[in-house]
There are 2 protein chains.
Amino acid sequence: MRDLLYLKDDQIKDFIEQIFYAYRETYSDPKKVLKKYSFGIAHHKAIHLIERHEGLTVSDLLSKLKITKQSLNRVLRDLVKNKAVSLKKGEIDSRQRQIFLDEKGKKLSEEIFIEQKKRIYNALKNSDADSVIKFKNILSKIINE
Amino acid sequence: MRDLLYLKDDQIKDFIEQIFYAYRETYSDPKKVLKKYSFGIAHHKAIHLIERHEGLTVSDLLSKLKITKQSLNRVLRDLVKNKAVSLKKGEIDSRQRQIFLDEKGKKLSEEIFIEQKKRIYNALKNSDADSVIKFKNILSKIINE
DNA sequence: TGTTTTTGGTCAGTTATATTGACATATCTA
DNA sequence: TAGATATGTCAATATAACTGACCAAAAACA
């Protein structure tokens with residue numbers, strides 16, 4: 001291993017710690033909004049991914065969330081009951097269910113985003129494009145390691 | 001708001017999603033090690049912070065973890081029972097308890113770090129110093145927003 | 001065609017991590 | 001000494017996850 005300053009153990013420990021803080025803060029910002037709908041962070045993550053990938057299947061969502069289908073099912077049941085999302089038979093493969101946001105889900109998704117956006121926007125607004133690209137690039141590497 | 005490409009909503013949503021993935025993957029790496037000791041992620045986070053700030057007080061740890069003292073107490077009880085950490089009366093203020101790693105706790109901390117280090121190290125090893133500095137800088141801004 | 005596999009749903013029980021609220025004790029500070 | 005602070009603890013509850021078992025519908029395959 002090369003003896004680079006930024007690869008020293010303490011530096012790596014800093015990153016491990018900061019990733020935790022960044023996650024915790026980013027995902028606690030929309031708590032009030034979620035509470036208004038009686039939803040939690042599990043619903044939030046599902047809503048986020050459905051909004052970003054409209055029409056995704058249950059197994060698509062499962063593999064993004066990496067939770068069991070029993071866990072996801074509770075969440076989806078809540079969301080459907082609340083008319084935030086709808087499940088429709090898959091067009092190609094009718095065993096599958098494709099998931100879509102209803103009006104209420106779109107509204108919730110927007111409200112959540114307004115809260116979360118602030119933190120990220122403010123962190124990035126004074127950074128140059130190069131910094132942001134590099135940030136994203138390293139984040140991707142961490143995920144795909 | 002300036003109309004910068006990297007501040008477009010979809011880009012910000014990407015970041016929100018990636019922060020989640022980065023956290024999840026980073027903190028699931030040492031699961032096996034933790035299971036060996038019958039500990040979970042809550043114990044992991046406590047051990048991490050105690051290792052980084054030996055002798056910190058219960059309230060120091062509480063404010064870093066942002067959980068209730070009842071939640072932390074379960075974790076500390078487990079760690080003390082397992083001889084991973086020790087609490088000692090505060091030297092200046094004896095109402096306080098200062099937390100230290102025992103031998104077993106140090107060993108566990110190292111085993112955890114070996115697992116977590118790989119991901120971060122590999123993500124950073126081919127990046128130049130400038131990228132790493134910029135990454136850390138934006139992460140800090142996100143946390144302190 | 002009939003069999004096997006895949007996709008999704010569900011029941012039941014359990015675990016891990018956190019919460020709220022109340023109350024107790026020791027110690028510090030004014 | 002009175003009040004504030006740091007910590008610990010009891011009890012009940014919430015949330016998000018898990019394992020394991022089983023079922024039905026639809027697709028894929030032989």
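Bear in mind the structure is a predicted one, so any value in this text is a computation, not a measurement. Naming: A, B, ... by sequence-line order, numbering from 1 per chain.
In this view, B:His44 and B:Tyr27 satisfy the ring pair (Phe, Tyr, Trp, His ring centres under 6.0 Å) rule, not counting sequence neighbours.
For B:Ile67 and C:dT20, the CD1 to P distance is 12 Å, given to the nearest whole Å. Distance, B:Lys89 NZ to C:dT25 C1': 11 Å, rounded to whole Å.
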Determine, step by step, whether B:Gln98 and B:Val58 satisfy the side chain to side chain contact (heavy atoms under 4.5 Å, CB included) criterion, reporting the C-alpha distance in whole Å, the side-chain angles of both residues, the deciding distance to 0.1 Å, and the verdict. CA-CA 7 Å; B:Gln98 288 186 276; B:Val58 171; over 6 Å; no
Side chain to side chain contact (heavy atoms under 4.5 Å, CB included) between A:Asp78 and A:Phe39, worked out: CA-CA 8 Å; A:Asp78 291 345; A:Phe39 289 146; 4.2 Å; yes
Side chain to side chain contact (heavy atoms under 4.5 Å, CB included) for B:Arg119 and B:Glu25? Distances and angles first, verdict last. CA-CA 9 Å; B:Arg119 177 179 300 275; B:Glu25 300 306 318; 3.4 Å; yes
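Each end of the helix from C:dT1-D:dA30 to C:dA30-D:dT1 gets its own axis from five base pairs, and the two axes differ in direction by 30°, given to 10 degrees.
Note on A:Glu111 versus A:Lys107: salt bridge recorded, some NZ/NE/NH1/NH2 to OD/OE distance being below 4.0 Å. Ion pair B:Lys13/A:Glu51 flagged as a salt bridge, since at least one NZ, NE, NH1 or NH2 atom sits closer than 4.0 Å to an Asp/Glu carboxylate oxygen.
Geometrically, B:Arg24 engages B:Phe20 in a cation-pi contact, judged by NZ or CZ lying under 6.0 Å from the ring centre and within 45° of the ring axis. A cation-pi geometry, defined here as NZ or CZ lying under 6.0 Å from the six-membered ring centre and within 45° of its normal, holds between B:Lys136 and A:Phe15.
If you check every strand for non-hydrogen atoms under 4.0 Å, A:Ser94 touches sugar and phosphate atoms only.
Less than 4.0 Å separates DNA chain C from no heavy atom of any residue of residues 17-33 of chain A. For DNA chain D, no neighbouring residue in residues 34-56 of chain B is found when judged by any heavy atom under 4.0 Å.
In this model, a donor atom of one side chain and an acceptor atom of the other lie less than 3.5 Å apart for A:Asn122 and B:Glu145.
Using a 4.5 Å heavy-atom threshold, the side chains of B:Asn82 and B:Tyr37 count as separate. B:Ile12 places a side-chain heavy atom less than 4.5 Å from the side chain of A:Phe113.
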Using a cut-off of 4.0 Å between protein heavy atoms and nucleotide atoms, how would you tag nucleotides 1-14 of chain C 5' to 3' with B, S and -? -----BSBBBB---
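Between B:Thr68 and C:dA18 there is no side-chain N or O to OP1 or OP2 distance below 4.0 Å.
Between chain A and DNA chain D, the heavy-atom contact criterion of under 4.0 Å yields a 5' to 3' nucleotide range of D:dA16 to D:dA27.
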